[in-house]
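Predicted, not measured: the structure shown is a model, and the values here were computed from it.
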Number of protein chains: 2
Amino acid sequence: MQDLVQTNGAEGPLYSRIHRELGERIMRGSYPVGALMPTEVELAAEFGTSRSTIREALRSLTEDGYVERRQGMGTRVIASEISAGYHQSLNSIHELQQIALDTYMVILSDEQVALDDALAPRVGGKTDEVWAKVSGIRWTAPGGRPICFIESYVPGRLAHVVPEFHGLQGSFFDLLERRSGEAVREVQQDIRAVQMPVRISRMLGLPDGAQSLQLLRRYITDRGTLIASCNWHPADQMTYRMQIRRGRGPQD
Amino acid sequence: MQDLVQTNGAEGPLYSRIHRELGERIMRGSYPVGALMPTEVELAAEFGTSRSTIREALRSLTEDGYVERRQGMGTRVIASEISAGYHQSLNSIHELQQIALDTYMVILSDEQVALDDALAPRVGGKTDEVWAKVSGIRWTAPGGRPICFIESYVPGRLAHVVPEFHGLQGSFFDLLERRSGEAVREVQQDIRAVQMPVRISRMLGLPDGAQSLQLLRRYITDRGTLIASCNWHPADQMTYRMQIRRGRGPQD
DNA sequence: ATCGCCTTTTGGTATGGACAAGTCACACTG
DNA sequence: CAGTGTGACTTGTCCATACCAAAAGGCGAT
C-alpha cells in the first residue's frame, strides 16, 4: 500500500493512516451505510499489513461511530458523517444557546471567590485559584415562573467579561466565546439528584429540603474551562429528555 | 495466577478478569491515586500472561477513566472511585452495550401485565395492551454492590424472547435486536429526580423515602418500542455524565 | 415447511517477539 | 553553572501465528 503513504498524509503510524483512508471511503460512499465492510483478512491483504494493524484501525472507526462490529457477522457501516456524533441529547451545542434565548435570567449576585477543594474539580480549576461567581434565577419570562437557580463560575482570565452578563440576552458561553476568541470544543454535563440547599429553595419559594435535579455543565476550550454552570431545577418540574440516534445516512 | 481465576468471577476473557482485578486494586488503594502502576512487563510477569493481554486490560482501565498512560513514562492512576455504577457516560448506543457487559443483572420477577393509563405513554404502548414486565437488580459484579433497580417492559410481539433474559450476559436490547431482526433507530431517555418507591428502596437496602435518579429509556425501532427500561439509582451513588462534542473526523 | 446438525466465515482473544519513540536520570562537557 | 549527550526504561507500533466463539448458511431428517 505505497499508494496510501503517498496520497494521504504520510504522517503517523500505519494503523492511523489506514484509519484515515477507511474513514474517507465511508464518507465518499465507497462503503455505503448499511453495508458490510471487507473482512479483516481482506483488508490486511489489500493494505499489505497484518490483521492486528487492521484491527487497530477498525477500533478507531468504531470509536468514531462509523462502524459497528459483531463477531461472526462482520463490520457494518452505520454512519457516513461524524456530525452524527454531535447529535445526541440536547442536540448539539446550538440547543443550549436556544434555551438561553427563550428564557430570561436575573442576576442576583456577582463576586470573586477562591476555589476550595470541593469546587475546584467540579468547575475544572485548581484549588485556591480565584474565579468569578455569578448567581441568578432563570425565568420562563419576566414575571413568569422560576425555572432554576444558577451558579456560574468563570476563570480569572475571563473575569473582565463578567460585567457584560448583566442584562445580556443569550447565553453566557456564547458571549465568552466571542470575547475570548476561544472555541468551545465540548460541553461536559453531570446530572445528579440532590437535596436543594436551603438558601436556594427559599429563593425559589420552595419548602426546605426540596429535592432537585442538578445539572453541572462545563464548557471546555483548548485553554481549559470557559465557564462552568450549576443549575438546580425543582425535581417535580424537571425531566431531562435526550435522544441517542444511530446514524443511518442522509435520509435521516 | 490461578488465584485470580478463583477469587474473582471466573467468567469472561483473561484480559477482562485482569481488568477487574486491577480496578479493584485501585479502588482499594493498593495503587494510590497519583502513583504509577507497575509496568506492563511487570504485570505480565505477575499474572503470568503476555504483554498484549495486559495492554488490553490497561486499555479498559483507561476507558474507565481510572488511569492515564504516556509513552516513556508509565501508567498513572488518576481516579479511584469511578465504578461503572457511579458515573455513567453515554454518548453512543455502543456505550449502553458496554455497561451491560461490565455489570451483572439478577432477575427477580418476570410477569405479564396490562398497561394502565400512566404506564402506556411511558413505555410507548397503548392502554390495556399486554406487555412482559421483568424486574431485577444490576450489580457491579456477582456478590458486589447493587447499582440500580430495573423494571423493563417488552411488547407482546417479543414476549417469547423474554425467557432468554435469565442468565444473559450482555444487554437485553442487543438480544431483542438479534432475535427480532428489528434495528434500534434511536434511544429516548428521560432523566428525573424522584423519591424511590418503598418496595424498591427496601430491595436495595435503603431507608424508606430515599431519593433516586430515575432513568427511563425507550429503544425505538421502525415497529415501535423494542424494550422500555426504567432504572432507579440511589441518588447519592449516581452521577450521570455526558459529553456534547463538536464533531471531528478520523483525521483527528 | 421446520427443526436440528454441521461446516464455513468472521471477529475475539492470546502468545511472543521485534523495534520505534518518548521520558528521565545522570554523567559529561563547554 | 548551563547545556548536551547517553543509556536505561517504558509505552507505542507492528508482525506472524494459533485457537476460540458467535453467526450464517447449507443440508438432511422429520
Side-chain angles (χ1 to χ4, degrees), chain A residues 1-2 4-5 10-20 22 31 35-63 66-78, chain B residues 1 4-5 10-20 22 31 35-63 66-78 94 97-98 101-102 160-161 164 167-171 174-181 183 252:
Chain A
M1 252 286 80
Q2 294 69 15
L4 182 74
V5 180
E11 336 90 45
L14 182 53
Y15 78 88
S16 176
R17 301 201 297 267
I18 294 177
H19 168 223
R20 279 196 292 274
L22 294 176
Y31 301 144
L36 291 175
M37 303 250 308
T39 68
E40 295 182 352
V41 176
E42 286 168 353
L43 288 172
E46 183 198 342
F47 289 102
T49 181
S50 74
R51 205 181 134 210
S52 326
T53 303
I54 296 296
R55 281 181 65 76
E56 201 61 35
L58 289 176
R59 191 198 293 264
S60 305
L61 284 178
T62 307
E63 283 167 5
Y66 279 116
V67 303
E68 185 179 63
R69 321 188 64 213
R70 201 173 285 164
Q71 187 176 167
M73 205 160 71
T75 303
R76 192 173 297 279
V77 180
I78 58 174
Chain B
M1 255 318 329
L4 182 75
V5 180
E11 334 91 45
L14 180 55
Y15 79 87
S16 177
R17 299 201 298 267
I18 294 176
H19 167 223
R20 278 196 293 274
L22 294 178
Y31 301 144
L36 290 176
M37 302 252 307
T39 68
E40 296 180 353
V41 176
E42 285 167 354
L43 288 171
E46 183 198 343
F47 289 102
T49 182
S50 72
R51 199 181 139 213
S52 319
T53 302
I54 295 296
R55 281 182 65 75
E56 203 60 36
L58 289 175
R59 190 199 293 266
S60 304
L61 284 179
T62 307
E63 283 168 5
Y66 279 118
V67 303
E68 187 177 62
R69 303 166 43 87
R70 204 148 59 192
Q71 185 176 173
M73 204 160 77
T75 303
R76 189 174 297 281
V77 180
I78 57 175
H94 178 260
Q97 298 169 327
Q98 204 50 46
L101 285 174
D102 290 342
H160 64 279
V161 184
E164 291 186 64
L168 173 68
Q169 299 222 354
S171 49
D174 211 28
L175 177 69
L176 287 165
E177 243 187 333
R178 285 186 312 231
R179 290 284 176 276
S180 67
D252 279 351

Discussion item. Could you measure the distance from the CZ atom of B/Arg76 to the CZ atom of B/Arg69? Nearest 0.5 Å is fine.
Written reply: 13.0 Å
Using the 3.5 Å cut-off, write out each protein N or O paired with an N or O of nucleotides 20-24 of chain C and the distance between them.
residue : atom : partner : partner atom : Å
C/dA21  : O4'  : B/Gln71 : OE1          : 3.4
C/dA21  : N3   : B/Gln71 : OE1          : 3.0
C/dG22  : N2   : B/Gly72 : O            : 3.3

Worksheet item: So what is the end-to-end bend of the helix from C/dA1-D/dT30 to C/dG30-D/dC1, with 5 pairs used at each end and the value given to 10 degrees?
Response: 20°
Worksheet, complete the sentence: To the nearest 0.5 Å, atom OG1 of A/Thr49 lies from atom CD of A/Glu56 at 11.0 Å
Discussion item. My understanding is that only residues two or more places apart in sequence, or in another chain, count here; which of them pass side-chain hydrogen bond (donor to acceptor under 3.5 Å, both in side chains) with B/Arg178?
Written reply: none
Item to complete: With salt bridge (charged side-chain N to carboxylate O under 4.0 Å, His left out) as the test, would you mind laying out the steps for A/Arg51 and A/Glu40 before giving the verdict?
Response: CA-CA 6 Å; A/Arg51 205 181 134 210; A/Glu40 295 182 352; 2.5 Å; yes
Worksheet, complete the sentence: Result for 5'-nearest mapping on DNA chain D, choosing between A/Ser50 and B/Arg179, is A/Ser50
Worksheet item: About how many Å separate CG of A/Leu58 and OH of A/Tyr15, when rounded to the nearest 0.5 Å?
Response: 13.0 Å
Item to complete: Taking only the side-chain nitrogens and oxygens of A/Thr75, find out if one of them lies under 4.0 Å from OP1 or OP2 of C/dG11.
Response: yes
Item to complete: Give the intermediate values and the outcome of side chain to side chain contact (heavy atoms under 4.5 Å, CB included) for residues B/Glu164 and B/Leu175.
Response: CA-CA 9 Å; B/Glu164 291 186 64; B/Leu175 177 69; 3.7 Å; yes
Item to complete: Output the distance between atom CD1 (B/Ile54) and atom CG (B/Leu14), rounded to the nearest 0.5 Å.
Response: 7.5 Å
Item to complete: Using side-chain hydrogen bond (donor to acceptor under 3.5 Å, both in side chains) as the criterion, list what pairs up with A/Ser50, not counting sequence neighbours.
Response: A/Thr53
Worksheet item: Would A/Arg59 and B/Arg59 satisfy side chain to side chain contact (heavy atoms under 4.5 Å, CB included), going step by step from the backbone distance to the final call?
Response: CA-CA 12 Å; A/Arg59 191 198 293 264; B/Arg59 190 199 293 266; 3.3 Å; yes
Practice prompt. Take the protein atom CD of A/Glu42 and the nucleotide atom C1' of C/dG11, then report the distance between them rounded to whole Å.
Written response: 13 Å
Worksheet, complete the sentence: Rounded to the nearest 0.5 Å, the CD1 atom of B/Ile78 sits from the OH atom of B/Tyr66 at a distance of 11.5 Å
Fill in: Spacing between B/Arg51 atom CZ and C/dT15 atom P, to the nearest angstrom
14 Å
Practice prompt. Please check if the side chain of B/Arg17 supplies one atom and the backbone of B/Gly12 the other of a donor-acceptor pair under 3.5 Å.
Written response: yes
Worksheet item: When you check the gap from the basic side-chain N to the acidic O, do A/Arg70 and B/Asp174 get nearer than 4.0 Å?
Response: yes
Worksheet entry | First-last contacting nucleotides on DNA chain D - partner chain A, under 4.0 angstrom, heavy atom | D/dT13 to D/dA24
Discussion item. For the CG atom of A/Leu43 and the CG atom of A/Leu22, what is their distance to the nearest 0.5 Å?
Written reply: 6.0 Å
Practice prompt. Return the value, rounded to whole Å, for the distance between atom NE2 of B/His19 and atom P of C/dA14.
Written response: 14 Å
Item to complete: Could you check which residues of residues 53-62 of chain B get a heavy atom under 4.0 Å from DNA chain C? Sort them by number, please.
Response: B/Thr53
